[in-house]
Amino acid sequence: MFARNRAVMFALILAAASHLSASGLAQVTLRHSAPFVGHSLELTLEGAPPGAWIDLFESAWRDETATPFGVWELERTAMARVAFGPADAQGRFTWSWDVPLATALAEAPRHYQALVRSASTTAVSQVAHLRLLGSRAYVLSAGVTDPLAPIGASLTIATLPQPRVTARIDYDAPLPTVAREAWPAFNANSSRGALLISPTELSLFDPFFGAEHARHALAPSSPRLFTSPDGETLYVFAPDEAGGGQGAHLARFDLNTSTRLADEPLPTASYRAAWIATGDSRFAYALAVDRASQQPFVERIDLASGAPTGRLDIAAPGFTHWVDSAATGRSVFVLMRSEPLIGAWQARLTRIDESGAPSVTVLPWYGYARTIAVAPQVGVFASLVGLPNMPGVSLALARPEALAGPVQSVALPYFDTALRAVPLRDGVWLHAWSSDASGHELYYRNWNGDPQYSIPLSTFPPQIVDIAAIDDVLGEVSGEPALGGRACALVREFSGSSPGSGARAKLHVFSQEWSATWELTVGPGPGSLLCVPIP
């Protein structure tokens with residue numbers, strides 16, 4: 001009955017406006033904020049005549065119905081009018097909804113469209129097709145290149161509160177390889193995403209429902225993508241390591257339209273395929289080495305304009321090997337290593353602080369550090385250190401604002417090789433490898449020094465491809481709001497010549513408090529994993 005009444009109400013509104021025409025009225029846009037659960041969803045209608053009457057409708061389902069005023073894209077028997085009133089003097093109308101913090105709402109579809117009526121004309125607005133977002137995981141898989149049974153690459157989009165697969169984009173062919181840091185980047189309202197599916201192919205897609213919008217050919221580029229502070233412009237860094245002739249540059253794209261903008265050239269230098277941006281997306285730093293002096297430096301880039309602003313020297317001459325980078329809101333950390341000296345590595349850690357004018361601090365660091373990570377919530381800088389060809393790994397803990405001060409070294413004797421450290425508010429997840437039967441291992445270590453423990457992943461010997469961790473405001477199992485950390489491991493359960501090689505790929509989702517894991521099947525040939533928390 002209620003659904004029928006909604007449809008009748010909409011029909012009456014259309015009938016009342018049937019003598020009007022949409023001709024002469026410019027397209028009415030409907031903008032929206034990022035629709036995360038636990039946050040306010042705001043929709044703003046623009047382009048209406050001042051004082052025009054606005055009826056804003058919502059539906060959980062989409063449909064297409066031709067009307068005299070344009071295509072109506074909401075399923076009319078399931079829709080409801082959520083707001084109405086006049087447009088202001090600038091032709092705007094705004095409505096907001098405080099989305100409850102509830103697991104059940106994560107990934108629920110919501111569709112919005114408005115009917116705009118003035119004294120002389122009537123029109124329907126653009127439509128906003130959304131999903132309410134909880135924490136999510138994005139997994140890029142290379143597929144299978146077997147000529148007898150090829151499987152194309154894919155991007156699996158999963159929601160973590162339940163967890164379950166929300167959407168999947170299937171690409172037309174398998175990929176030779178996937179870089180571990182081939183992570184998607186998103187615009188400000190999360191309605192557009194971009195991903196480097198190969199060093200020379202950029203895919204722009206709809207993160208809500210999983211459709212690919214466009215694909216662009218590129219010069220060989222770094223797998224990391226960054227956006228401008230407003231989320232409107234996407235930047236791809238092409239270092240020109242292969243000497244393709246164009247020189248190092250930033251390829252720029254409009255994320256809203258998926259179109260390519262003019263490229264931004266970078267000053268001539270020997271660039272590495274590595275760059276890093278501050279957490280607030282204000283500045284990025286492309287890593288390079290001066291050919292004459294062997295002095296490493298970064299070319300500082302203003303991400304609001306995409307223009308390079310000048311060179312900042314880092315590390316010290318001769319430290320030409322990039323190890324890892326990490327970022328906080330206003331700072332980045334870059335770890336560089338030199339050639340071995342008398343059988344030992346030396347390393348220099350550089351901190352670039354953008355709290356005021358850019359400042360650079362360089363200090364010696366662990367020569368055998370394999371990865372670095374920063375937990376800004378608790379002010380901890382972590383370095384996972386492992387000697388080559390020798391058992392034993394240590395975790396070096398320091399304060400980002402006092403790196404030259406005391407450093408706590410935590411021994412992890414059960415590991416042979418350090419691979420990755422990913423921080424959370426309460427501790428750090430560690431990915432390491434041991435030469436015994438356990439192989440790849442995943443451990444959790446609390447910042448307070450509590451004993452670490454192993455996470456069982458599979459009854460089969462797993463190969464961990466990538467790990468990620470997030471602090472989240474939704475409880476993992478009960479669905480009740482609760483602050484807690486969650487980790488994900490991207491696992492290939494068979495490797496080498498084992499039966500079913502590459503066919504069993506899974507995403508494991510778990511928390512510190514739960515030894516049992518949730519498993520989601522993803523595409524074969526898993527390569528990269530990005531987890532996006534509720535902000």
Side-chain angles (χ1 to χ4, degrees), residues 276 279 314-316 319 322-338 344-353 355 359-434 440-455 464 467-471 483-487 511-513:
I276 185 71
I314 63 171
F319 286 77
W322 173 76
V323 179
D324 200 5
S325 303
T328 62
R330 294 292 178 90
S331 295
V332 299
F333 301 85
V334 181
L335 184 62
M336 300 292 291
R337 193 173 64 192
S338 67
W345 294 105
Q346 294 187 67
R348 294 291 183 272
L349 180 69
T350 299
R351 178 184 182 177
I352 305 172
D353 184 11
S355 296
S359 64
V360 179
T361 303
V362 178
L363 69 157
W365 201 251
Y366 291 85
Y368 292 104
R370 301 296 185 89
T371 182
I372 59 176
V374 186
Q377 304 96 324
V378 291
V380 172
F381 181 91
S383 219
L384 192 56
V385 182
L387 298 175
N389 303 317
M390 293 183 64
V393 170
S394 63
L395 180 67
L397 302 179
R399 297 291 176 183
E401 68 278 4
L403 289 171
V407 176
Q408 177 188 2
S409 182
V410 180
L412 304 171
Y414 305 108
F415 294 152
D416 288 341
T417 303
L419 295 175
R420 193 161 194 176
V422 181
L424 284 175
R425 183 185 301 271
D426 298 324
V428 60
W429 292 98
L430 307 172
H431 174 203
W433 181 85
S434 297
H440 288 260
E441 296 179 276
L442 188 66
Y443 276 70
Y444 177 74
R445 181 85 188 198
N446 192 286
W447 295 128
N448 297 326
D450 297 337
Q452 73 276 6
Y453 58 88
S454 175
I455 300 296
I464 300 176
I467 67 170
I470 56 173
D471 280 308
L483 181 66
R486 193 174 317 174
S511 72
Q512 300 96 297
E513 293 80 15

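Nearest heavy atom pair, residue Ala398 against residue Trp365, reads CB-CH2, 4.1 Å. Residues Ile467 and Leu430 come closest through the heavy atom pair CD1-C, 4.4 Å. For the residue pair Val374 and Ala327, the shortest heavy atom distance occurs at CB-O, 4.4 Å. Of all heavy-atom pairs spanning Ala373 and Pro423, the tightest one is CB-CD, 3.5 Å. Residues Val362 and Ala315 approach most closely at CG1-O, 3.5 Å, considering heavy atoms. Smallest separation of non-hydrogen atoms from Trp345 and Gly367: CB-O, 3.3 Å.
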Evaluate side-chain contact (heavy atoms from CB on, under 4.5 Å) for Met336 paired with Trp322, printing each intermediate quantity in order. CA-CA 5 Å; Met336 300 292 291; Trp322 173 76; 3.9 Å; yes
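For Phe333, the ring-ring contact (aromatic ring centres under 6.0 Å, His included) partners at least two apart in sequence or on another chain are Phe381. Not counting sequence neighbours, the partners of Ala396 by the side-chain contact (heavy atoms from CB on, under 4.5 Å) test are Tyr366, Ser383, Val407. Under the rule for a side-chain contact (heavy atoms from CB on, under 4.5 Å), the partners of Ala468 that lie at least two apart in sequence or sit in another chain are Leu529, Cys531. Every residue meeting the salt bridge (charged side-chain N to carboxylate O under 4.0 Å, His left out) condition with Arg420, not counting sequence neighbours, appears here in chain and number order: Asp466. A search for side-chain contact (heavy atoms from CB on, under 4.5 Å) contacts involving Val323 returns Leu335, Arg337, not counting sequence neighbours. Shown here are the side-chain contact (heavy atoms from CB on, under 4.5 Å) partners of Ser394, two or more places apart in sequence or in another chain: Val385, Ser409.
With rounding to the nearest 0.5 Å, the separation of OG1 in Thr371 from NE2 in His431 is 11.0 Å. The CG atom of Leu349 lies 5.5 Å from the CD1 atom of Ile372; values are rounded to the nearest 0.5 Å. Separating the CG atom in Asp353 from the CZ atom in Arg330 is a distance of 9.5 Å, to the nearest 0.5 Å. Of the inter-residue distances, the one linking Leu384 atom CG with Arg370 atom CZ reads 9.0 Å to the nearest 0.5 angstrom.
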